[in-house]
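When a ligand or atom number is given, it counts from 1 through the structure's own listing order. FYI, the numbering just counts along the sequence from 1.
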Amino acid sequence: MAEESRERWTSRTTFIFAAIGSAIGLGNLWRFPYLAYDNGGGAFLVAWIIGLLILGIPWLLMEVGMGRMFQKGAPGVFSGMNKKWEWLGWWPVFVAFLIVSYYAVVIAWALRYAMSSFSVAWGTGEEAATATGGFFFENILQISSGPAELGAIVWPTLFALAIVWIALFLIMYKGAGVIGKIAVYTVAIPWLILVILLVRGLTLPGAVDGLNYYLSPDWSALLTGDIWFAAFSQIAFTLSVGMAGMYAYGSFIARRADVNNSVMIAGFANNATSFLAGFAVFSTLGFLMGALNLPAEEAVESGLGLAFVIYPAAISMMPTASALTGVLFFLCLFFLGLDSAFFLAHGGVIAPLRDKFGGALAKITATVCVLGFLVGALFTTQGGLYWLDMLDRAVAFYGLLITGAISCIVIGWFWNPGRLRNHTNETSEIRIGVWWEWMIKVVVPLALIFVLIYGGFSQDIPEAYEGYQIGFLNGSHIIWLVLVITLVLSFVFQQIKTRAKGGE
Ligand code: PFF
């Protein structure tokens, strides 16, 4: 694509906000606080900051910098290095597409909960608070007995999913110019809500007990593999690297603009958001433990359990403003998710497709949105959660870690990372030293391989993932299958010849 016609961020600020928006997501609110609690509290923060410095920022800088240098999304970057590597750019494109297809469903659930919050539909008082799991699994999901039983589509969820994809289309079809401007709001709104939720949490009785669970340090944890696994995997997940989009987001940066400092600001802002979210979550959990007389092990959860079961229970028990708190909490989830979703869809999928095939942006955007909606419909069925879970493990764990590790090795050893360093240093406020090259060559790949083996293969090879069974395939088989299919598709896309160089 001719450089002048490439989409551009309208200012440095819009890029920084778009990058922060892609990074802050559901994981900051529902994954990070739990990991801190579960891995030595304050000690986890140390491991997590080290992870940000030696793993996250170097990797993020690599993706953004390569995109800016080659003026292309991930596949264009790798084929620009050498045509034979193009597949390595496509693989994370498929990873990004699959992630956004189910991420949008989670956003749809958040939307349904935001609506239900106006009347606190799951009920108030102690009895309701102990039954929020039932509300989520039976009313919202209408869950089936296992992945083999897909059951019917849950229509309200499909309807909410359609709204999410329509919103995504409207945000994305004009490209980076509009995306950047919207990102300022989709970042600022959840920040504001998090502060309100924090104040709400801290004014509840028992808040301090919760914060103790969140932060009281167990330094001995630093000597275990678990804490480093948790810290490194969270850093890889939270910065939204390894899913193609950051190359494209980097390619929209203007020729003369800063790269290094902007990337660091985005990285630190993301971690600061997680840290803040931890206070909002744990102050509220402290209140819930006191109100229901629950031990921490029963009150503290991560993921869907925290967002859709535990937090609603706290809302049921709140003495005042329970409906308002609920609406704000779920809107916060909605906005946190939205800018990660348009990052995955646009930077991860749409921009790479347009680089290769050309064509009108609105048309490609519409096609990807419809496909994302159709694949997402699978997760709106009664058995959808099981499939979402397996796919999440396949792409958001294995997919992003494997493609990330290989990309660093290829860029570090089969290309010349010094060129990239010179390129970004030329226009950046902060100059990056040669240390960065060694991070990309050695530290990042080793950290990712450690995470893959320690928390991945060593568990999913000997045992079926979550004990799932679908016919003669088990959960782990499905995971390997998804990885193989996406890899094969990546080679197929590499082989496709195109004449189109631009997309006007
Ligand atoms: N970084 C975002 C989050 O922490 O939620 C977005 C994201 C990352 C979504 C990784 C999905 C994913 F697999």
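Look at Arg6 and Asp355 and you find a salt bridge, because one of the NZ, NE, NH1 or NH2 atoms lies within 4.0 Å of a carboxylate O, short of that distance.
Residues passing the salt bridge (charged side-chain N to carboxylate O under 4.0 Å, His left out) test with Arg393, sequence neighbours excluded: Asp460.
Taking distance alone, with nitrogen or oxygen atoms compared against 3.5 Å, Tyr102 stays at or beyond that limit from ligand 1. Residue Gly27 places at least one N or O, backbone or side chain, under 3.5 Å from an N or O of ligand 1.
At least one heavy atom of Met243 sits less than 4.0 Å from an atom of ligand 1. A heavy-atom separation below 4.0 Å is not found between Gly337 and ligand 1.
Phe70 and Tyr247 have their aromatic ring centers separated by at least 6.0 angstrom. Ring to ring, Trp90 and Phe78 are not that close: their centroids are 6.0 angstrom or more apart. Ring-centre distance between Tyr113 and Trp122: below the 6.0 Å cut-off.
Of the protein's heavy atoms, Phe237 O, 3.1 Å lies nearest to atom 8 (C) of ligand 1. For atom 13 (F) of ligand 1, the closest non-hydrogen atom of the protein is Ala396 CB, 3.0 Å. Looking only at heavy atoms of the protein, atom 2 (C) of ligand 1 is closest to Ala23 O, 3.2 Å. The nearest heavy-atom contact from the protein to atom 11 (C) of ligand 1 is Ile99 CG2, 3.4 Å. The closest protein non-hydrogen atom to atom 9 (C) of ligand 1 is Tyr103 CE1, 3.2 Å.
Put simply, the side chain of His346 never gets that close to the backbone of Phe343: no donor and acceptor are under 3.5 Å apart.
Each of the atoms 1 (N), 2 (C), 6 (C) of ligand 1 lies under 4.0 Å from some heavy atom of Ser22. Atoms of ligand 1 found under 4.0 Å from any heavy atom of Thr238, numbered from 1 in the order shown, are 1 (N), 4 (O). Under a 4.0 Å criterion applied to the non-hydrogen atoms of Asn28, ligand 1 contributes the atoms 4 (O). Every atom of ligand 1 with a heavy atom of Ser340 under 4.0 Å away is listed here by number and element: 2 (C), 6 (C).
Around the CZ atom of Phe159, the shell of radius 6.0 Å holds no more than 12 heavy atoms that belong to other residues, nucleotides or ligands. Within a 6.0 Å sphere centred on NZ of Lys181, other residues, nucleotides and ligands contribute 12 heavy atoms or fewer.
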>> I'd like to know whether Arg12 forms a side-chain hydrogen bond (donor to acceptor under 3.5 Å, both in side chains) with Ser262, so could you lay out the CA-CA distance, the side-chain angles of the two residues, the decisive distance to 0.1 Å, and finally the verdict.
In response: CA-CA 8 Å; Arg12 177 180 176 188; Ser262 305; 3.1 Å; yes
